[in-house]
Amino acid sequence: MSNAEKNFRCGTVAIVGRPNVGKSTLLNHILGLKLSITSRKAQTTRHRLLGIHTTEDTQYLFVDTPGFQQKHINALNKSLNKTVTQVLTEVDVVLFVIEPMHLGDADRKVLALLPRDKPALLVVNKLDLMGDKGNVLPLIQDFDLEFPFAEIVPVSARKNLNIEELLKAIRSYLPEQPAIYAEDELTDRNERFLAAELLREKAFRFLGDEVPYSIAVEIEKFEVEGKLRRIHAAFIVDKDSQKPMLIGKGGEKLKQISTEARQDMEKLFGGKVWLEVWVKVKGGWADDERALKSLGY
Ligand SMILES: Nc1nc2c(ncn2[C@@H]2O[C@H](COP(=O)(O)OP(=O)(O)OP(=O)(O)O)[C@@H](O)[C@H]2O)c(=O)[nH]1
Ligand SMILES: [Mg+2]
């Protein structure tokens with residue numbers, strides 16, 4: 001066994017926090033590519049997602065999670081919260097991500113879920129929003145009093161600030177063991193899943209406030225011919241009235257959404273994508289256990 005192998009560390013790291021604090025953005029910046037979908041709207045992430053980052057001496061297995069929900073307790077949100085609590089039982093280290101603001105109820109709800117027997121790091125994201133960095137101190141104290149954090153690391157995911165320091169801090173809490181995944185592996189999710197997520201991201205980014213929460217994506221066909229992928233996908237909406245909002249005047253909206261999703265897919269998959277998208281109405285899918293299951297929740 002060489003020295004490098006002897007000291008190799010590998011372990012799982014949960015990324016948790018209230019919605020919209022930048023969990024998925026952080027994961028993407030660590031990986032150096034866009035794997036997890038992000039948007040300005042809260043509740044973008046709906047599935048757990050493994051992002052694998054391998055360096056010379058460490059394999060980090062990051063688990064991105066949905067922001068913990070407190071409003072509208074429908075079946076979908078219950079399933080999102082279950083995902084978060086489940087992930088917390090399975091990991092070696094927890095990253096609790098906050099914005100540089102005082103401890104609020106939404107943060108407190110997530111804090112209450114953190115296991116006491118695992119190292120948790122307080123990650124203060126969006127540091128770039130703070131003019132004067134000195135202001136971070138009092139709010140860090142707020143959080144530190146409520147939970148025995150192993151370390152506190154301020155970062156800016158968007159500006160790539162302090163990310164290396166964060167990785168170094170995480171490493172010291174990972175178990176010494178060989179890598180679990182091959183070093184070029186990026187995630188445990190397949191292209192079908194990633195394609196559906198990229199479509200959902202564009203719906204979050206290009207639609208007004210209400211519609212995205214009523215949308216799910218179904219991949220009906222995914223065929224690979226050499227370097228070309230042929231994808232047939234459907235947006236599922238909750239009500240008839242949402243269909244025209246998604247399609248837009250003369251189909252413009254849907255075209256914009258599918259063009260941008262296709263471009264991201266081509267980057268992520270490294271090949272041409274032929275994408276066809278339509279819209280279906282399934283009333284009440286977000287509160288229907290069977291519909292949720294068939295949509296992968
Ligand atoms: N200014 C600034 N904005 C950031 C930073 N990191 C993330 N954001 C923005 O915060 C918003 C939410 O980011 P996401 O990564 O989708 O947040 P999330 O925590 O994954 O959200 P959910 O999946 O909904 O729980 C996006 O508009 C990001 O661009 C940062 O370091 N600085
Ligand atoms: Mg997210």
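Nothing fancy with the numbering, it's 1 onward along the sequence.
Evaluation of the ring-ring contact (aromatic ring centres under 6.0 Å, His included) test over residues 158-195, restricted to residues two or more places apart or in two chains, returns H47-F193. Residue pairs meeting the side-chain hydrogen bond (donor to acceptor under 3.5 Å, both in side chains) criterion with at least one member in residues 191-200, sequence neighbours excluded, are E191-R229, E197-R200. Within the structure, the side-chain hydrogen bond (donor to acceptor under 3.5 Å, both in side chains) test picks out the following pairs touching residues 214-227 (sequence neighbours left out): S214-Q242, E218-K280, E218-K282, E220-K280, E225-R230.
Scored by the side-chain hydrogen bond (donor to acceptor under 3.5 Å, both in side chains) test, R158 finds no partners at all (sequence neighbours excluded). Looking at residues two or more places apart in sequence or on another chain, you find a side chain to side chain contact (heavy atoms under 4.5 Å, CB included) between P175 and D92, Q177. By the salt bridge (Lys or Arg N to Asp or Glu O under 4.0 Å) test, R48 is found to be paired with E90, residues two or more places apart in sequence or in another chain being considered. By the side-chain hydrogen bond (donor to acceptor under 3.5 Å, both in side chains) test, E146 pairs with R108, sequence neighbours left out. Residues forming a side chain to side chain contact (heavy atoms under 4.5 Å, CB included) with L31 (at least two apart in sequence, or on another chain): L27, L33, L35, H53. Remark: S39 engages T44 in a side-chain hydrogen bond (donor to acceptor under 3.5 Å, both in side chains) (not counting sequence neighbours).
Contact of the L26 side chain with the I163 side chain is registered, since non-hydrogen atoms from C-beta on lie closer than 4.5 Å.
Other residues sharing a hydrophobic cluster with L76 under the 4.5 Å side-chain heavy-atom criterion for ILVMFWY residues are L80, I236, W285, L292, L295, Y297.
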Donor-acceptor pairs under 3.5 angstrom involving side-chain atoms of residues 99-106: please list them, not counting sequence neighbours.
| unit_1 | atom_1 | unit_2 | atom_2 | d |
| --- | --- | --- | --- | --- |
| E99 | OE1 | R18 | NH2 | 3.4 |
| E99 | OE2 | K126 | NZ | 2.8 |
| H102 | ND1 | D142 | OD2 | 3.0 |

Could you pull out every donor-acceptor pair under 3.5 Å between side chains of residues 261-276 and any protein atom, sequence neighbours left out?
| unit_1 | atom_1 | unit_2 | atom_2 | d |
| --- | --- | --- | --- | --- |
| D264 | OD2 | K34 | NZ | 2.7 |
| D264 | OD2 | K202 | NZ | 2.7 |
| E266 | OE2 | V273 | N | 2.8 |

List the steps, then state whether side chain to side chain contact (heavy atoms under 4.5 Å, CB included) holds for F147 with F96. CA-CA 11 Å; F147 192 89; F96 178 64; over 6 Å; no
